[in-house]
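Since the structure comes first, as structure tokens, the remarks are kept for the end.
Please read these numbers as outputs of a predicted model, since none were measured by experiment. Note on naming: letters A, B, ... go to the chains in the order of the sequence lines (proteins, then strands), and numbering restarts at 1 for each one.
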Amino acid sequence: MDYFLELFFGGLTRGSIYALIALGYTMVYGIVQLINFAHGEIYMIGAFTALIVASVLTFYGVNTVAILILASIVAVIYSSAYGFTVEKIAYKPLRNAPRLSPLISAIGMSIFLQNYVLLAQTSDFLPFPRLIPQFHFMEPVSHIFSSAELVIVVTTMVAMVLLTLFIKFTNLGKAMRATAQDKTMALLIGIDVDRVISATFIIGSSLAALGGVLIASHIGQINFYIGFIAGIKAFTAAVLGGIGSIPGAVLGALILGWTESFATGYVSSDYEDVFAFALLVLILIFRPAGLLGKAETKKV
Amino acid sequence: MNEIIKSLKVAVWFMFLTFPIMVIKVNTVYHIIEWRWMNMAMIGIGTFLISLLWRYLLERKDKKKPSDGVTLSARAQAYVQSRPLVKKGLGLAVLAALTVIPSFADAYQVNILTVALMYVVLGLGLNIVVGLAGLLDLGYVAFYAVGAYTYALLNHSFGLSFWIVLPLGGFFACIFGILLGFPVLRLRGDYLAIVTLGFGEIIRLVLENWSEFSHGPSGIAGIDRPNFFGLDLTLNQMNGAIYYMMIAFTIVTIFFVARLQNSRIGRAWLALREDDIACQAMGVGRTRTKLMAFALGATWAGLMGVVFAAKTSFINPASFTFLESAIILSIVVLGGMGSIPGVILGALIMILLPEYMRAFSQYRMLIFGGAMVVMMVFRPQGLVSNFRRKYSFHGMDERLGG
Amino acid sequence: MENVIQVNGLTMDFGGLRAVDSVDLYVKDKEIVALIGPNGAGKTTFFNCITGIYTPTKGDILVRSTKSQPVRINGFKPNRVTERGLARTFQNIRLFQNMTVLENAMIGKHCRLNAKILGALFRDKKTKAEELKAAQECWEILKKMGLENQCDELACNLPYGDQRKLEIARALATEPRLLLLDEPAAGMNPHETEELTHLIRKIRDEENIAILLIEHDMKLVMNLSERIYVMDHGQKIADGTPMDIRNNPEVIKAYLGEEIDA
């Protein structure tokens, strides 16, 4: 039973991280119908920025909690800046191009950013400082649930609630929903669609950066390639839930997190990534609209 | 002036953007921080210039209508296309040059050229799928792996020779293509791209982890090289022989792809790429036609996989990563989707340039990635755009007469 | 005379919305029939059901090709429907923009040709002859439509009116028994519409093809069609000769605000 619970909370933690990244995919897809292939790289850049900031601050002897907060803030700012810039360079000029063009551009951007970090930093794994404070739970609990996991799950939940409130109640949030429904109509009623798209990229990137910082300090090491795998897994989560749907992304992420956790725990840890990819292939074949998504009717 | 101010702003923005990653380098083991301010200056100047160029190009692109774009390259192309003799002459000249190269170049050069030719063939194979049929396949390398492992395993376990396994490798890859293609080809373009990516990764991960079958990450060594008419060749001679084999392979591939392109099926692929609903409504079976493109592309990758295994005599899963798919894809995208000379040019640029410009070789992937973005933004048709064929038939005279 | 198509009680639901509600319709050999109705009446959805783009919720679509028993084509894929002798054009032009005019027409021929991959690779005599014949037949169709001089032009470079004509030419290349035209005159000026009227009549007279068309241009409809079906809110509200329709109070009610000027 303990083992089961351990896996359960492990899966919940994984799922939370996937959810933070998946939201970026799903929001961008909802608004511009583009698989933002470079989104995983934004997450990786968030983690790298946090690592750099944390190292510099450690060098000057700042205390751990302050480092965690400062590093997260800087990472969020930088990732959003990258997300914003990537959209302006690689996607905005292609808004009316055939559907595959922005996707190819996105793949190019992803390769570019990976190699940019590889060349400017290193190809090795870098140890990431454990920034999340360690404290001990009471005896039966501490086996199955660590403080880092708690922090990750709670942070994710808070971020989700804030995001939901933002989209429901602010003007920008309403403009986003309008743009997702019908871009031309949104334009006609005076919504600045370019601004909405930029905002979407910024929000998605911030969440990814948050995910990057949390997972890096939980796992304890990063390299330039972490964005690729994480990106595909988060994308899987988004598709599983129904791409374009925000609760769907969270649901999909949790299901994926648990699937991976239990499959590696009970079946085999060799094939950890295969489970995610197989899940992705299977969903797309059997239920491309996802769990909470609506099937598209083709217009002729 | 206005443009210069805007570009200055862009430069400042990028200096800010690249600050932590370009300027600071931390060594977390020794706790040393290195500040590289030179990089910041370089980024500033570099992005300023690029931004000016970018703006200029964007403006020019917006001004130009798609129809009146008679550029120099288009004119040159039209010239070559309209004169079959010139076209044949050019082809023969290139062929002659390729044939004589081994007589004065060293083994290293010949090897690079062989690799380049392999990428030409792979690019042409993927071109059937991406360029002609418009199906974005991000897991192309999976079929390459199927071919390579088919030869490696059959050779390792049963001692089967290259020439027997060559068709088998193509056949197995084709079967894999059909098995994967059948369920996924009805998906929309971008979903298809992701499924193929997932499939490619699954194949690689299985090869890495299923050690009893594939010998795991350490791979398979000592694969027999091809046997040429029972001759006993030295390693150098062997490389030369493989080089000539690749030339033959390339010619056959060009020939086949050109014929496919101008056939009933090739037309259907193009139409499917343009508008699949209209295409189906005009009586073209969608799944069948897509499947054909997918399976043919896979077959070519499988054949090349066998050649690859035979050439290197050692394979492991690390040769079949997503990066490899991305390189082949960028060959097709850069050269020009659907254009045979384009893909050849693309492969030569992508493979030879980094080899001969050693200083740049570490920036290879950075430049590939950047080039894919720039290409999509400014010249989505690629370096050499696809040229439509003109038909001749009875009634021609009447047509020319007015 | 035989019916080329017989539709009984065709119904199409999208979720809770009934877009087409048990519509009956038939078209006889060599007949020109119009399907009219206000915007959103379900005409295009009806077309999409017949041509296999949607699978209808209920009802029968029976098609009689050259001989023998009629075949029920519900749920057939669009390409199978086309093979059975139904061909269509699209309301919002859907040509293959980056292919030449002739190639566009040759796609229409696709389902009447047999060349397989091996034929394409080795280009044997049979394949060559087949291609040549197809190109020639397509060229003749284009000539009939007055497009023969633009054969090697890319479709996207054609003027609007010619693009509409090319859509019809492409549909004709599939060798249909029934041609379905979805607003063929949309966006054309009166002169072009006039020309199109003659063209459609010519196709019927010379090719032995029945025509079912959706159109808003009442002059064209009244001039051309032998019978008219009127749809509103997914239902058939009237059918009959142009004369009957013009005087039908139900039709006038449905069109209130949208004048019938014939």
Side-chain angles (χ1 to χ4, degrees), chain A residues 33-35 45 48-49 51-53 55-56 58-59 74 78 81-82 85 89-90 93-94 97-105 107-122 126-129 228 232 235-236 239 270-271 273-274 277-278 280-281 284-285 288 296 298 300, chain B residues 13-14 16-22 24-29 31 33 39 54 58 61 130 134 136 138 183-184 187-195 197-199 201-202 205-206 208-210 277 322-323 326 329-330 333 362-366 368-378 380:
Chain A
Q33 279 78 47
L34 162 78
I35 298 172
I45 284 176
F48 254 94
T49 311
L51 170 71
I52 290 166
V53 172
S55 309
V56 172
T58 318
F59 192 73
V74 177
Y78 267 96
Y82 272 94
T85 313
I89 293 176
L94 293 172
R99 216 170 157 138
L100 287 187
S101 301
L103 185 58
I104 293 173
S105 175
I107 294 168
M109 200 31 112
S110 158
I111 297 173
F112 182 86
L113 288 176
Q114 270 180 32
N115 284 277
Y116 155 68
V117 174
L118 165 74
L119 291 168
Q121 294 288 323
T122 171
L126 289 176
F128 197 97
F228 179 71
I232 293 179
F235 177 77
T236 308
V239 173
D270 287 348
Y271 289 94
D273 293 340
V274 175
F277 290 126
L280 173 67
V281 173
L284 283 179
I285 292 173
E296 272 180 50
K298 46 190 167 182
V300 178
Chain B
W13 172 251
F14 272 91
F16 160 75
L17 202 60
T18 53
F19 172 70
I21 288 175
M22 287 298 287
I24 310 172
K25 182 162 181 171
V26 291
N27 187 323
T28 40
V29 182
H31 295 284
I33 299 172
N39 283 349
W54 183 274
L58 261 190
K61 182 186 161 201
V130 180
L136 188 54
L138 296 179
V184 305
L187 291 175
R188 246 190 6 229
D190 39 8
Y191 277 17
L192 176 73
I194 298 291
V195 171
L197 170 68
F199 175 74
E201 286 295 298
I202 291 175
L205 289 165
V206 168
E208 232 163 57
N209 290 302
W210 191 8
I277 290 178
F322 169 68
L323 203 65
L329 178 68
S330 37
V333 171
Q362 59 168 326
Y363 298 107
R364 191 168 90 137
M365 287 318 291
L366 187 80
F368 285 1
M372 279 167 88
V373 177
V374 172
M375 227 49 199
M376 282 297 115
V377 174
F378 294 110

Under 4.5 Å from any heavy atom of chain A, what part of [X] do you find: side chain, backbone, both or neither?
X	result
B/Y191	both
B/F16	both
B/W210	both
B/V377	both

So, for [X] and [Y], which heavy atoms are closest and what is the spacing to 0.1 Å?
X	Y	answer
A/I89	B/F14	CD1-CZ, 3.7 Å
A/F235	B/I194	CE2-CG2, 3.2 Å
B/K25	A/Q121	NZ-O, 3.0 Å

Less than 4.5 Å apart, any side-chain heavy atom of B/M376 and any of A/L94?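 Yes, their side chains come closer than 4.5 Å.
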
Within-4.5 Å side-chain heavy-atom neighbours: A/Y82 and B/T18: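 A/Y82 reaches B/T18 side chain to side chain.
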
Could you have a look at A/T85, A/T122, A/V74, A/I45 and say which one has the most heavy-atom pairs with chain B under 4.5 angstrom?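 Option with the greatest count: A/T85.
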
How long is the straight-line distance from [atom2] of [Y] back to [atom1] of [X], given to the nearest 0.5 Å?
X	Y	atom1	atom2	answer
A/L118	B/I21	CG	CD1	12.0 Å
B/F199	A/L284	CZ	CG	14.5 Å
B/F368	A/I111	CZ	CD1	9.0 Å
A/D273	B/E208	CG	CD	9.5 Å
A/I107	B/L197	CD1	CG	8.0 Å

Using non-hydrogen atoms and a 4.5 Å limit, figure out which bit of [X] sits close to chain B: side chain, backbone, both or neither.
X	value
A/L113	neither
A/Q114	neither
A/I104	both

Partner chain A: residue of [options] with the largest heavy-atom pair count (under 4.5 Å):
options	value
B/I202, B/L17, B/I24	B/L17
B/P20, B/S330, B/G198	B/P20
B/L323, B/L366, B/L136, B/V374	B/L366

Check the pair A/F112 / B/V373 against side chain to side chain contact (heavy atoms under 4.5 Å, CB included), numbers first and verdict last. CA-CA 9 Å; A/F112 182 86; B/V373 177; 5.8 Å; no

Counterpart residues, side-chain contact (heavy atoms from CB on, under 4.5 Å), relative to B/V184 (two or more places apart):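 side-chain contact (heavy atoms from CB on, under 4.5 Å) check on B/V184 returns A/I285, B/L180, B/L187, B/L192, B/V195.
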
Enclosure of B/Y363 OH (heavy-atom neighbours >12, cutoff 6.0 Å):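 For B/Y363, atom OH is not crowded (no more than 12 foreign heavy atoms under 6.0 Å).
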
